[in-house]
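Note sheet for the following structure.
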Amino acid sequence: MLSLAIDCGPMEERATCPHSNALSGTSGSGIVAGQKKAADLTGLPVPIISKLVDGLMHMARTNIDKRSRLLSAAVELTYQNGFEATSLADIAREAKVPLGNVYYYFKTKDEIGEAIVELRLAKLSAQRQRWNEAGSPKDRLCACVQGVFENKDCLAQLGCQVGTFCSELHKAGGPLATRATEIFAQHLAWIESQFRALGKGKDSNGLAVHLLSAMQGVSVLAHTFHDSGLVATETKRLKSWIQSL
């Protein structure tokens, strides 16, 4: 299940604001030099230029913070209540952002859905990077399974974040559902690559499907019975199976 090692707490995004440009990444000396150059070009005193730059940087930080809060709220609410049942007004209220401001960052609800998909992809990519630090393909696969175990309480309470999200989107169909498929596609490809590294050749895809299906399946059962012990038992069995290959 792809909540795997994805935390079930609030999720934040390092967002890019339309007005931020390179301001936040500019060094102190670069800002000063830029202020002097701007003063020469505009004829305005350096202190005024400095205030204008500070104002723009503050605006950029504020916009980034609002978008991050909106996205974090959307992730939490869609996990708890479902994507369809979560309205823009719900998201705005949870993020403590005026409803009218939401449309500056997300024109439609589908745009929020796309942002959630991108966030999931980014977080899963970061997880894969951590798993890749393990010493062998078996260790990497076991690290992946361990992520499921560590998330067992959330799975029992609310189910798999990614699995439930993608399943709901596919009932409705459309471009957003197609994009969400990439989450599982990338994860399956990574698992398959580990089996190939183990020398499993043409069997690698089948083994990858088996492992991902087992992780997704136990997440559904854990949620159905509200029993995190099912996750503990199955992940232990899966790690033993991986080590036996």
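We count residues from 1, following the sequence as given.
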Does any N or O in the side chain of Tyr79 come within less than 3.5 Å of the main-chain N or O of Phe165, such that one atom is a donor and the other an acceptor?
-> no
Locate the shortest heavy-atom distance separating Leu169 from Ala180; write the atom from each residue and the value.
-> CD1-CB, 3.8 Å
When every non-hydrogen atom of Lys109 is compared with those of Ala85, the smallest separation belongs to NZ-N, 4.4 Å
When you measure from the side chain of Lys239 to the backbone N and O of Cys142, does any donor-acceptor pair fall under 3.5 Å?
-> no
Taking the side chain from Arg69 and the backbone from Lys96, do they hold a donor-acceptor pair closer than 3.5 Å?
-> yes
How long is the span from the CD atom in Glu182 to the CZ atom in Arg120, to the nearest 0.5 Å?
-> 15.5 Å
In terms of heavy-atom contacts, Ile91 and Ala74 come closest through CD1-CB, 3.8 Å
If only atom types and distance count, is the side chain of Lys200 paired as donor or acceptor with the main-chain N or O of Gly206 below 3.5 Å?
-> no
Stepwise side-chain contact (heavy atoms from CB on, under 4.5 Å) test for Leu155 and Cys160 = CA-CA 6 Å; Leu155 292 174; Cys160 171; 4.1 Å; yes
Approximate separation, where rounding is to 0.5 Å, of Cys144 SG and Arg130 CZ = 11.5 Å
Roughly how far apart are Leu207 CG and Gln194 CD, rounded to 0.5 Å?
-> 12.5 Å
What pairs meet the side-chain hydrogen bond (donor to acceptor under 3.5 Å, both in side chains) rule with one or both residues in residues 220-235, with sequence neighbours excluded?
-> Glu234-Arg237
Greater than 12 external heavy atoms within 6.0 Å of Glu84's CD = no
Between Val75, Thr86, Thr78, Leu88, which is the residue that forms a side chain to side chain contact (heavy atoms under 4.5 Å, CB included) with Ile112?
-> Leu88
Mind checking side-chain hydrogen bond (donor to acceptor under 3.5 Å, both in side chains) for Ser125 and listing every partner two or more places apart, or none if nothing turns up?
-> none
Nearest-0.5 Å distance that lies between atom CG in Leu121 and atom CD in Gln186 = 5.0 Å
Got a sec, which residues hit salt bridge (Lys or Arg N to Asp or Glu O under 4.0 Å) with Arg196, two or more places apart in sequence or on another chain?
-> Glu192
Derivation of the side-chain contact (heavy atoms from CB on, under 4.5 Å) call for Gln161 and Lys123 | CA-CA 13 Å; Gln161 292 185 30; Lys123 284 185 170 288; over 6 Å; no
Is there a path from Val209 to Met215 through hydrophobic residues (I, L, V, M, F, W, Y) whose side chains come within less than 4.5 Å of each other?
-> yes
At what distance, to the nearest 0.5 angstrom, does CH2 of Trp131 lie from CG of Leu124?
-> 5.5 Å
Would you please test Ser68 and Asp65 for side chain to side chain donor-acceptor pair (under 3.5 Å) and show each step?
-> CA-CA 5 Å; Ser68 179; Asp65 178 59; 5.8 Å; no
In Å and rounded to the nearest 0.5 Å, what is the CG to CZ distance from Leu141 to Phe195?
-> 5.0 Å
